[in-house]
Amino acid sequence: MTQQCDWLITNIRLATLLDSEQAYGAIDDGALALHGERILYAGPASALPDLAARKSLDGAGRWATPGLVDCHTHLVYGGSRATEWEQRLQGTSYEAIARAGGGILGTVKATREASEDQLYASARARLLRLLEEGVTTVEIKSGYGLEPATELKMLRVARRLGEDLPVTVRSTFLGAHALPPEYRQTGADAYIDMLLSELLPEIARLGLADAVDVFCEGVGFTPTQCERVFRAAAEHGLPVKAHVEQFSDLNGALLATRHGALSVDHLEYLKPKDVPALAAAGTVATLLPGAFYFLRETQVPPVAALREQGVPIAVATDLNPGSSPVASLLTAMNQACVLFGLTPEEALAGATRHGARALGLADRGVLAAGRRADLALWDVKHPAELSYGLNYHRPRAVFQDGALRYGR
């Protein structure tokens, strides 16, 4: 019986990223059939079912990968932090700038002063840089408002970007990012009180967030305060994520896993003995090499322990104005290999399969029948090239939700 499909793509090699005896889950003489928003067939061309395709595409021997997933960004913000970068180059630490009232709080001031349309315009420009490299799913955090009006404004911008551009946007509420200046006297507990009694319920009511995040760190919030946020998120049916062990070890990763965190992110100071807890909880370890590079850090995440325990490792840009102004997921993949010792296959899986898992999205990140038809075609001879060269590659074509969004 002949099946209908919208697109039939032949003469391609597939990096399916599925578990396989072949590196990258590779299929050398492959084919893809897309119908609606889903992949109807992904496999050897020799096993193609009888199909009637509305449109056909000769892949000319190119490699197809899942659409890239950037699972950790802060790309909605106002202003710039270039002058702080100068200070850091002259020896001032990120923590010292933050403790002096700069850092995140400088961006908070600029973000509060920006209109919603101004934030949208600047964020859209940054997001387009990611889309040009084959990103089809992106996470966007709030956290530069630190008061209700601006946090809501940021989350509305994130939703609007997902509506206007060919990308799935997952928005994350990061109210527990830093202590705002107006709470210096009353303290962090009072600020958390406001977040949980006033802001989080409103965000949940409006459906503006897909997850809740915290910054569990000496310059952020204590484990006790973060646990209050996790419990409140659960009451509103929202999954949690956490910035943990970036500058010190507060056992934030263990705390997050006890609350079923989708991911724990940064992890430079994570102890190898704590890694089994991530594996047991099914929590993704998200590595953010852009921040490590930009802050000139030296303590690397325990990648060997993560591998040994089978913890899924995601790779993301951490795109933000202060510690990772990196609007290139391919660059982050290269950094993860060079700085953290990931293999190119691990880096690509981290920016597809495991990045999707870090967002709680089981419907994408691999090339397989039934999965969302998000994919990219690349003019490369081997998938390792995507992590090898800096600014070498742009996809020849990108499909998102089964539609050809970009082709050249």
Side-chain angles (χ1 to χ4, degrees), residues 1-71 130-131 133-139 162 165-170 312 314 329 345 348-380 383 386 395-408:
M1 178 179 176
T2 301
Q3 293 179 276
Q4 301 292 319
C5 70
D6 296 319
W7 280 95
L8 179 61
I9 309 170
T10 55
N11 191 18
I12 52 173
R13 292 177 284 180
L14 306 181
T16 67
L17 276 299
L18 292 166
D19 287 329
S20 167
E21 294 181 358
Q22 300 296 320
Y24 300 91
I27 298 173
D28 280 335
D29 183 16
L32 286 165
L34 315 180
H35 190 64
E37 298 178 351
R38 301 288 167 176
I39 297 173
L40 182 64
Y41 176 83
S46 60
L48 261 175
D50 185 15
L51 294 171
R54 292 179 57 247
K55 297 179 181 180
S56 298
L57 178 64
D58 184 339
R62 298 184 178 94
W63 278 93
T65 71
L68 302 186
V69 179
D70 195 348
C71 66
L130 296 175
L131 301 193
E133 289 193 345
V135 169
T136 54
T137 301
V138 65
E139 185 248 24
L165 294 175
V167 62
T168 298
V169 171
R170 301 291 281 184
L329 188 51
E345 183 178 2
L348 182 56
T352 53
R353 177 182 178 180
H354 299 319
R357 181 169 173 176
L359 298 177
L361 298 174
D363 65 345
R364 67 198 71 196
V366 298
L367 298 179
R371 301 299 179 94
R372 186 170 292 274
D374 290 356
L375 60 109
L377 300 183
W378 305 89
D379 280 320
V380 296
L386 298 179
R396 176 64 66 167
V398 175
F399 288 81
Q400 192 259 344
D401 283 352
L404 180 61
R405 305 297 191 180
Y406 171 76
R408 60 185 177 87

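Atoms considered below: every heavy atom in the structure, side chains included; atoms not considered: hydrogens, waters and symmetry mates.
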Assess whether side-chain contact (heavy atoms from CB on, under 4.5 Å) is satisfied between Leu8 and Leu32, documenting all intermediate values.
CA-CA 6 Å; Leu8 179 61; Leu32 286 165; over 6 Å; no
Just do the side-chain contact (heavy atoms from CB on, under 4.5 Å) check on Trp7 and Leu404 with the steps written out, would you?
CA-CA 9 Å; Trp7 280 95; Leu404 180 61; 4.0 Å; yes
Trace of the side-chain contact (heavy atoms from CB on, under 4.5 Å) decision for Arg371 with Arg38:
CA-CA 6 Å; Arg371 301 299 179 94; Arg38 301 288 167 176; 5.5 Å; no
Stepwise side-chain contact (heavy atoms from CB on, under 4.5 Å) test for Leu386 and Leu348
CA-CA 8 Å; Leu386 298 179; Leu348 182 56; 4.3 Å; yes
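Between Leu40 and Gln3 the shortest side-chain heavy-atom distance falls below 4.5 Å. Side-chain contact between Val138 and Leu130 is present, with at least one heavy-atom pair separated by less than 4.5 Å. For the pair Leu57 and Leu377, the minimum side-chain heavy-atom distance is below 4.5 Å. Within the 4.5 Å cutoff, side-chain heavy atoms of Pro166 are placed close to those of Leu131. Between Pro49 and Tyr41, some side-chain heavy-atom pair lies under the 4.5 Å cut-off. Annotation: side chain of Ile9 is in contact with side chain of Phe399 (closest heavy-atom distance under 4.5 Å). Between Ile12 and Trp63, the closest side-chain pair of non-hydrogen atoms is not below 4.5 Å. The side-chain heavy atoms of Leu51 and Thr2, taken from C-beta on, include no pair separated by under 4.5 Å.
For the atom pair CG of Leu17 and NE2 of His354, the computed distance is 8.0 Å after rounding to the nearest 0.5 Å. Atoms CD and CZ, on Glu139 and Arg170 in that order, are 10.0 Å from each other to the nearest 0.5 Å. Note that OG1 of Thr10 and CG of Leu48 are 8.0 Å apart. Values are rounded to the nearest 0.5 Å. Residue Ile27 holds its CD1 atom at 8.5 Å from CG of Leu367, rounded to the nearest 0.5 Å. Summarising the geometry, atom CG belonging to Asp6 is positioned 10.5 Å from atom CD belonging to Glu37; distances are rounded to the nearest 0.5 Å. For the atom pair CG of Asn11 and CZ of Arg62, the computed distance is 9.0 Å after rounding to the nearest 0.5 Å.
Side-chain atoms of Arg13 do not come within 3.5 Å of backbone N or O of Ala26 as any donor-acceptor pair. Remark: the backbone N or O of Ala403 is not paired with any side-chain donor or acceptor of Asp401 at under 3.5 angstrom. One N or O on the side chain of Thr16 and one on the backbone of Gly25 form a donor-acceptor pair closer than 3.5 Å. A distance-only check finds a donor-acceptor pair linking the side chain of Arg405 to the backbone of Gln400 [under 3.5 Å]. Within the 3.5 Å criterion, the main-chain N or O of Met1 finds no donor-acceptor partner in the side chain of Asp50.
Leu329 and Ala351 get closest at one heavy-atom pair: CD2-CB, 3.8 Å. Ile39 and Leu34 get closest at one heavy-atom pair: CG1-CD2, 4.0 Å. What you find for Glu133 and Trp378 is that their closest heavy atoms are O-CH2, 3.1 Å. Taking every heavy atom of both residues into account, Ala314 and Ala358 meet most closely at CB-CB, 4.4 Å. Nearest approach of Cys71 to Gly355, heavy atoms of both residues: CB-O, 3.4 Å.
Side chains of Thr136 and Arg364: a donor-acceptor N/O pair is absent below 3.5 angstrom, by distance only.
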